[in-house]
Amino acid sequence: PPPDVSPRLHYMSDVEETLKRIQSHKGVQGVIIWNPEGIAIRSTFEPKVTTQYAALLSSLSSKSRSIVRDLDPTNDLTFLRVRTKKGEIMIAPDKDFTLMVLQDPGTEGAV
């Protein structure tokens with residue numbers, strides 16, 4: 001019999017729903033999800049911006065995780081927030097993918 005693909009389809013619809021929910025928050029400028037190799041698998045940005053953000057921020061996330069683990073091998077990075085003059089970058093790394101949200105922190109109802 002063919003393999004059951006329904007769990008994967010359900011998972012993908014959950015991912016799409018989550019992206020829509022995050023994107024609907026005021027101040028959210030975009031969302032990117034990338035795999036462990038730093039390759040974007042979902043994005044609300046233009047392809048050129050997506051590639052640049054995913055490459056640079058996957059490197060930052062990886063380096064940050066290494067620093068946390070070097071300081072305490074029993075610890076791990078769970079969330080990274082970088083605030084700049086123009087916006088805020090929030091990164092949530094996981095084993096299979098990393099979620100990044102770019103937002104304007106001055107907007108009411110921001111994530």
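These values consider heavy atoms only, across backbone and side chains, with no hydrogens, waters or symmetry-generated copies.
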Notebook entry, point to check: Side-chain contact, heavy-atom cut-off 4.5 Å: Ile89 with Arg81?
Noted result: no
Check: Are any non-hydrogen side-chain atoms of Gln29 and Asp104 less than 4.5 angstrom apart?
Finding: yes
Notebook entry, point to check: Looking at side-chain heavy atoms only, is the closest gap between Thr50 and Trp34 below 4.5 Å?
Noted result: no
Notebook entry, point to check: Is the closest side-chain donor-acceptor distance between Glu88 and Gln103 under 3.5 Å?
Noted result: yes
Show which side-chain atoms of residues 53-65 pair as donor or acceptor with protein atoms under 3.5 Å away, not counting sequence neighbours.
{"residue": "Ser58", "atom": "OG", "partner": "Ala54", "partner atom": "O", "Å": "2.8"}
{"residue": "Ser58", "atom": "OG", "partner": "Ala55", "partner atom": "O", "Å": "3.2"}
{"residue": "Ser64", "atom": "OG", "partner": "Leu60", "partner atom": "O", "Å": "2.8"}
{"residue": "Arg65", "atom": "NE", "partner": "Asp76", "partner atom": "OD1", "Å": "2.8"}
{"residue": "Arg65", "atom": "NH2", "partner": "Asp76", "partner atom": "OD2", "Å": "3.2"}

Notebook entry, point to check: Looking only at heavy atoms, what is the nearest atom pair of His25 and Arg21, with distance?
Noted result: CD2-O, 3.2 Å
Check: Would a 4.5 Å heavy-atom cut-off, applied to side chains only, mark Leu99 and Asp94 as touching?
Finding: no
Next item on the list: List for me each residue that meets side chain to side chain donor-acceptor pair (under 3.5 Å) alongside Glu37, sequence neighbours excluded, and say none if there are none.
Entry: Asn35
Margin query: Using 0.5 Å steps for rounding, measure from the CZ atom of Phe45 to the CE atom of Met100.
Written below: 4.5 Å
Note to self: Pair Thr98, Ile33 - check side-chain contact (heavy atoms from CB on, under 4.5 Å), show working.
What the structure shows: CA-CA 6 Å; Thr98 298; Ile33 298 174; over 6 Å; no
Check: Got a second to check how far Thr78's OG1 is from Ile91's CD1, nearest 0.5 Å?
Finding: 12.5 Å
Next item on the list: Of all the heavy-atom pairs spanning Gly30 and Gln23, show the shortest one and how long it is.
Entry: CA-OE1, 3.8 Å
Checklist line | Pairs involving residues 66-89, ordered by first then second residue, that meet ring-ring contact (aromatic ring centres under 6.0 Å, His included) (sequence neighbours left out) | finding: none
Notebook entry, point to check: Which distance, rounded to the nearest 0.5 Å, do you find between the OG1 of Thr51 and the CD1 of Ile32?
Noted result: 8.5 Å
Item checked: side chain to side chain contact (heavy atoms under 4.5 Å, CB included), paired with Met90, selected from Val101, Ile22, Leu102, Val31 -> Val101
